[in-house]
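Keep in mind that the numbers below use all heavy atoms, side chains included, and drop hydrogens, waters and symmetry copies.
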Amino acid sequence: MIDVRSQHLEVSRERRQHPRLEFRCTALFGHLKDVLKVTDLSLSGLFVEVADKSGLDPGRLVSLAIKFPTEEKAVLLKAKIANVNKRGVGCHFVDLVPRNFEAIKNCFETFRDTLPLR
């Protein structure tokens, strides 16, 4: 029983190193015309629900415009597609300028106590 508890604690610690929020905001991929739902956000990336995943292959660099609820204007970012599954696309931010990182961090900090962490 002690072994099971210690494994659970290790997993919990690992999840807290890179916590994610589950919330809703909108994004535009540079080459797609549809407004997409951002459903997960971390300080290093996000997950976007996408129905048509054609041309969205892992490793591809994409331009994103994200309208965070804490920001007045959309934030323009570059991201690398990390994974594609049946629900959508996971992206990792690349070349973040300090202003964009602060916008992401501000949104994350604002909603971290109000929404469930995964």
Working to the nearest 0.5 angstrom, can you tell me the gap between [X] [atom1] and [Y] [atom2]?
X: Ile104; Y: Glu109; atom1: CD1; atom2: CD; result: 12.5 Å
X: Phe108; Y: Phe68; atom1: CZ; atom2: CZ; result: 11.5 Å
X: Arg60; Y: Cys91; atom1: CZ; atom2: SG; result: 10.5 Å
X: Leu77; Y: Ile66; atom1: CG; atom2: CD1; result: 4.5 Å
X: Glu102; Y: Leu96; atom1: CD; atom2: CG; result: 10.5 Å

So do the side chains of [X] and [Y] get within less than 4.5 Å of each other, counting heavy atoms only?
X: Leu46; Y: Phe93; result: yes
X: Val35; Y: Lys67; result: no
X: Ser63; Y: Leu76; result: no
X: Ile81; Y: Asp57; result: no
X: Leu64; Y: Val38; result: no

Check your understanding: Is the backbone of Phe47 close enough, under 3.5 Å, to the side chain of Asp40 for a donor and an acceptor to pair up by distance?
Key ->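 Not at all, since once roles are kept as given, no pair shorter than 3.5 Å links the two residues.
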Hydrophobic clusters here meaning ILVMFWY residues chained together by side-chain heavy-atom distances under 4.5 Å, can you tell me if Leu36 and Leu56 are in one?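 Yes: a chain of side-chain contacts under 4.5 Å links Leu36 to Leu56.
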- Task: Any chance you could lay out the side-chain contact (heavy atoms from CB on, under 4.5 Å) test for Asn106 and Glu71, step after step, and finish with the verdict?
- Result: CA-CA 9 Å; Asn106 184 35; Glu71 298 296 313; 3.5 Å; yes
Next item on the list: Check Thr70 against Ala103 and note the closest heavy-atom contact, atom names and distance.
Entry: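 Looks like OG1-O, 4.3 Å.
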- Query: Is it the case that more than 12 heavy atoms not belonging to Lys105 sit under 6.0 Å from its NZ atom?
  - Reply: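 No, because the 6.0 Å sphere around NZ of Lys105 holds 12 heavy atoms or fewer from other groups.
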